[in-house]
Amino acid sequence: MDLQEIIDDIYLALQPRLGEGKVADYIPQLAHVDPRKFGMAIIDLDGRIYKAGDCDEPFSIQSVSKVFTLTLALGKHGETTWNRVGREPSGSAFNSIVQLEHESGKPRNPFINAGAIAVSDLVLAGHTPKEAIAEIVRFVQYLADDPSITIDPEVARSETATGFRNFALANFMKSFGRLEHPVEHVLGVYFHQCALAMTCTQLARSGLFLAANGKNPLTGHTVVSSQRARRINALMLTCGHYDGSGDFAYHVGLPGKSGVGGGILAVAPGRASVAVWSPGLNDNGNSLIGSLALEMLANRTGWSVFGAPAA
Ligand code: GLN
């Protein structure tokens, strides 16, 4: 199987469709991104990299960051993390507030905004917001083995100025006594983690530990136990695309996490880590062309967590 040929074919086949979908414009800074951008990077467990398109151009990873902060929070708090956030698919939009009232301010899962805000609160424990943000950046640099990864301050500022929904979610949780730190501090961490700027290549590298039982095969670092890696993958599969998670599992069949910047990180356990970027979103806020690219990749490679690997 020639992965470079496959990724080149996918890029070529999708060329006429680039620009489809709707770029997130509720964060003003994201509205400026060229909707025709497309990048894809696959890294296998031996470190071979296969690339297409704008895969070395940084973009705003947004909610893909929720995988990294969940991993950090689990490292700090272990299973008690689940006292603060659930593990069930929400079946509602990423920024929905309705479920929170019924469920006394405990978010359904760590990947919807409310859940990620609860996780940011956990990452803040024992830190100032500045320290927590620095810890997140260092962690992602360590995962990707790339010290050049940074936060785009303009995106963080832009979202802080307009993140009224997230303020509503955080204030609502605070009213239920579900956040330990001041709302401004928690959201400061949350907005900055979402503003991490990464290339597809960097993002694929940072997800490699999830494809390899918790250990980055390139650096030799054990990031999490194999059990924890499997569990994070399970959450990505069931909750990583919000109310489009079932559809993503049906069409792609791999754990994945999307962000409104148009990025998706997908994990093919035992095989590879894949990142794709295309800014136009579908109705669920997931990259439209990015999802298609991953579906094509899964079809061509046979990669899936639901079937036995081809002999
Ligand atoms: N920062 C974005 C928000 O809070 C993240 C949402 C997303 O990527 N789905 O709205």
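Everything numeric in this text was worked out from a predicted model, so none of it was measured. This chain uses plain numbering: 1 for the first residue, then up along the sequence.
- The residues Asp121 and Arg84 are annotated as salt-bridged, a charged nitrogen and a carboxylate oxygen being separated by less than 4.0 angstrom.
- Side-chain contact between Val64 and Met198 is absent, with no heavy atoms from C-beta onward closer than 4.5 Å.
- In this model, a donor atom of one side chain and an acceptor atom of the other lie less than 3.5 Å apart for Gln193 and Ser120.
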* Asked: Could you go step by step and tell me if Met40 and Leu297 meet the side-chain contact (heavy atoms from CB on, under 4.5 Å) rule?
  -> CA-CA 11 Å; Met40 192 168 188; Leu297 178 71; 4.0 Å; yes
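- Using a 4.5 Å heavy-atom cutoff, the side chains of Phe59 and Cys200 are in contact.
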* Given the rule in the side-chain contact (heavy atoms from CB on, under 4.5 Å) test, do Asp243 and Ser92 qualify, once you have shown the distances and angles that lead to the verdict? -> CA-CA 5 Å; Asp243 43 345; Ser92 47; 5.5 Å; no
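- Among residues at least two apart or in separate chains, ring pair (Phe, Tyr, Trp, His ring centres under 6.0 Å) pairs with a member in residues 239-262 are Phe94-Tyr242, His241-Phe248.
- Gln141 places a side-chain N or O within donor-acceptor distance of the main-chain N or O of Ile149, the cut-off being under 3.5 Å.
- In this structure, Asn109 contributes its side chain and Glu88 its backbone to a donor-acceptor pair below 3.5 Å.
- At least one side-chain heavy atom of Leu210 sits less than 4.5 Å from a side-chain heavy atom of Met236.
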Check residues 168-177 and write down every donor-acceptor pair under 3.5 Å in which the side-chain atom is one partner and the other belongs to a residue at least two apart or another chain.
residue	atom	partner	partner atom	Å
Asn171	ND2	Phe167	O	2.9
Lys174	NZ	Leu179	O	3.2
Lys174	NZ	His181	O	3.1
Ser175	OG	Phe172	O	2.6

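- Between the side chain of Arg178 and the main chain of Ser104, a donor-acceptor pair closer than 3.5 Å is present.
- Judged by distance alone, with hydrogens and angles left aside, the side-chain atoms of Thr238 form no donor-acceptor pair with the main-chain N or O of Pro89 at under 3.5 Å.
- With hydrogens and angles ignored, the 3.5 Å screen pairs no side-chain donor or acceptor of Gln202 with any backbone N or O of Asp146.
- Electrostatic pairing of Arg138 and Glu135 does not count as a salt bridge here, judged by no charged N lying under 4.0 Å from a carboxylate O.
- For residues 15-52, the pairs satisfying ring pair (Phe, Tyr, Trp, His ring centres under 6.0 Å) are Tyr11-Phe38, with sequence neighbours left out.
- No side-chain heavy atom of Cys55 sits under 4.5 Å from any side-chain heavy atom of Thr199.
- Between Lys51 and Ile7, every side-chain heavy-atom pair lies at or beyond the 4.5 Å cut-off.
- Under a 3.5 Å cut-off, the side chain of Gln62 and the backbone N or O of Cys194 do form a donor-acceptor pair.
- Annotation: ring pair (Phe, Tyr, Trp, His ring centres under 6.0 Å) contacts involving residues 70-92, sequence neighbours excluded, are absent.
- For Asp56 (side chain) and Thr201 (main-chain N/O), no donor-acceptor pair under 3.5 Å exists by modelled atom type.
- The minimum heavy-atom distance between Ser65 and Leu196, with the atom names listed, is CB-CD1, 4.4 Å.
- Residues His192 and Ile136 fail the side-chain proximity criterion, which asks for heavy atoms closer than 4.5 Å.
- Under the 4.5 angstrom side-chain criterion for Ile, Leu, Val, Met, Phe, Trp and Tyr, the cluster partners of Ile49 are Ile43, Leu45, Leu208, Leu218.
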* Derivation of the side-chain contact (heavy atoms from CB on, under 4.5 Å) call for Ile42 and Ile6 -> CA-CA 11 Å; Ile42 306 174; Ile6 293 176; 6.0 Å; no
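- No more than 12 heavy atoms of other residues, nucleotides or ligands lie within 6.0 Å of NZ in Lys215, so this atom counts as exposed by the packing criterion.
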* **Criterion side-chain contact (heavy atoms from CB on, under 4.5 Å) on Leu237 and Phe306, from CA distance to verdict** => CA-CA 11 Å; Leu237 186 96; Phe306 296 110; 3.6 Å; yes
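- In this structure, the side chain of Ser278 does not engage the main chain of Ser287 through any donor-acceptor pair within 3.5 Å.
- Between Arg36 and Asp34 no salt bridge is recorded (no basic side-chain N to carboxylate O distance below 4.0 Å).
- Considering only heavy atoms from C-beta on, Leu143 stays 4.5 Å or farther from Asn216 through its side chain.
- Under the ring pair (Phe, Tyr, Trp, His ring centres under 6.0 Å) criterion, the residue pairs touching residues 139-165 are Tyr142-His221, with sequence neighbours excluded.
- A side-chain donor-acceptor contact under 3.5 Å links Thr162 to the backbone of Ser158.
- In summary, the side chains of Gln227 and Ser225 do not present any donor paired with an acceptor at a separation below 3.5 Å, with no hydrogens or angles considered.
- By the 4.5 Å heavy-atom criterion applied to side chains, Val305 and Pro269 are counted as neighbours.
- Hydrophobic cluster membership is shared by Leu72 and Leu203, with clusters built from Ile, Leu, Val, Met, Phe, Trp and Tyr side chains linked at under 4.5 angstrom.
- With hydrogens and angles ignored, the 3.5 Å screen pairs a side-chain donor or acceptor of Lys257 with a backbone N or O of Gly240.
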